[in-house]
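Okay, so here's the structure we're looking at.
By convention here, the first residue in the shown sequence is residue 1.
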Amino acid sequence: MEQEKKLRIGVLALQGAFTEHINILNRITSEVSLAFPVKTLKDLEDLEIDGLIIPGGESTAIALVAERTGIWDALYKWVHESGKAVWGTCAGLILLSKSANQTKTNGQSLINILPITVKRNGYGAQIDSFMSPINMSVIGTKPFPGIFIRAPMIESIDSDEIAVLGSVKHETQEETPVAIQYGRILATSFHPELTNDSRIHLYFCNLVRTTLKRL
């Protein structure tokens with residue numbers, strides 16, 4: 001049987017926790033041949049990218065840097081038209097969404113592909129950061145150690161095609177979804193890249209591979 005090609009995963013590297021994603025992916029040598037930063041329009045157009053991660057950070061800053069460096073329009077087009085898998089973590093989830101509340105004065109540029117409404121800093125400010133175990137049956141029976149830092153809250157899911165992969169109930173709030181999948185789009189409110197647990201990255205690799213087979 002012919003061995004499956006190992007994956008090349010790009011991580012948008014304009015601001016935020018992109019190095020942490022790259023480090024985890026480059027440890028998954030059974031699946032990934034190379035994980036690399038995507039910083040420029042040339043990177044997005046010339047590098048062979050099998051799947052793309054938009055990391056956590058500051059969503060407004062990521063969008064502004066993308067616009068000023070000329071990569072925003074190409075990024076928007078790649079996410080919508082490549083047909084390849086994309087994963088947004090924390091700020092990346094906000095950028096992928098179709099609607100965001102509690103944005104800054106001048107609003108928030110969005111890639112507008114994920115039919116959800118999110119609230120920036122929905123679980124509180126930096127001082128309100130917390131950890132919570134997340135049950136995600138798609139990665140196994142052991143809860144995932146969720147790290148929430150100024151995390152966005154998914155206020156509404158606006159499509160029946162979105163699968164909720166994991167939820168949390170934090171303090172007095174009702175249970176809210178924090179990991180979702182919309183076809184080839186994966187999104188998490190928390191930061192898997194800040195843990196030593198690679199299971200969600202492995203899940204994303206499987207999504208990348210499944211998506212490539214459909215192209």
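- With Ser33 contributing its side chain and Leu7 its backbone, the two residues share a donor-acceptor pair below 3.5 Å.
- Considering only residues two or more places apart in sequence or on other chains, Glu155 meets the side chain to side chain donor-acceptor pair (under 3.5 Å) condition with Asn101.
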Review point. Yes or no on salt bridge (Lys or Arg N to Asp or Glu O under 4.0 Å) for Glu58 and Arg120, after CA distance, side-chain angles and deciding distance?
Key: CA-CA 10 Å; Glu58 213 294 321; Arg120 292 177 78 251; 2.4 Å; yes
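- Every residue was checked against the side chain to side chain donor-acceptor pair (under 3.5 Å) condition with Glu45, not counting sequence neighbours, and none meets it.
- Here the CG atom belonging to Leu52 is positioned 9.0 Å from the CD1 atom belonging to Ile9, to the nearest 0.5 angstrom.
- Between Phe190 and Cys90 there is no side-chain heavy-atom pair separated by less than 4.5 Å.
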Review point. Checking salt bridge (Lys or Arg N to Asp or Glu O under 4.0 Å) for the pair Arg8/Glu31: CA distance, chi angles, key distance, verdict?
Key: CA-CA 9 Å; Arg8 293 171 53 87; Glu31 293 289 334; over 6 Å; no
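- Not a single donor-acceptor pair under 3.5 Å links the side chain of Asn23 to the backbone N or O of Glu20.
- The environment of CD in Glu175 is crowded: more than 12 heavy-atom neighbours from other residues, nucleotides or ligands sit within 6.0 Å.
- A salt bridge does not link Asp50 with Arg209: none of the charged nitrogens is closer than 4.0 Å to a carboxylate oxygen.
- Within a 6.0 Å sphere centred on NZ of Lys98, other residues, nucleotides and ligands contribute more than 12 heavy atoms.
- Ring orientation note: the planes of Trp87 and His21 are nearly perpendicular, at an angle over 60° on the 30°/60° scale.
- Rounding to the nearest 0.5 angstrom, the gap separating the CG atom in Leu95 from the CG atom in Leu114 is 11.5 Å.
- Pairs engaging residues 72-84 under the side chain to side chain donor-acceptor pair (under 3.5 Å) rule: none recorded [sequence neighbours left out].
- Judged purely by atom type and a 3.5 angstrom limit, Ser156 has no side-chain atom pairing as donor or acceptor with the backbone of Asp158.
- In plain terms, the two heavy atoms of Pro37 and Ile22 that are nearest each other are N-CD1, 3.7 Å.
- Looking only at distances, no side-chain donor or acceptor of Thr89 sits under 3.5 Å from a matching main-chain atom of Gly92.
- Rounded to the nearest 0.5 angstrom, Ile116 CD1 and Met153 CE are separated by 12.5 Å.
- Criterion: ILVMFWY side-chain heavy atoms under 4.5 Å apart, direct or through other members. Under it, Leu64 and Leu41 are not part of a common hydrophobic cluster.
- Checked by atom type and distance alone, the side chain of Lys6 pairs as donor or acceptor with a backbone atom of Thr29 at under 3.5 Å.
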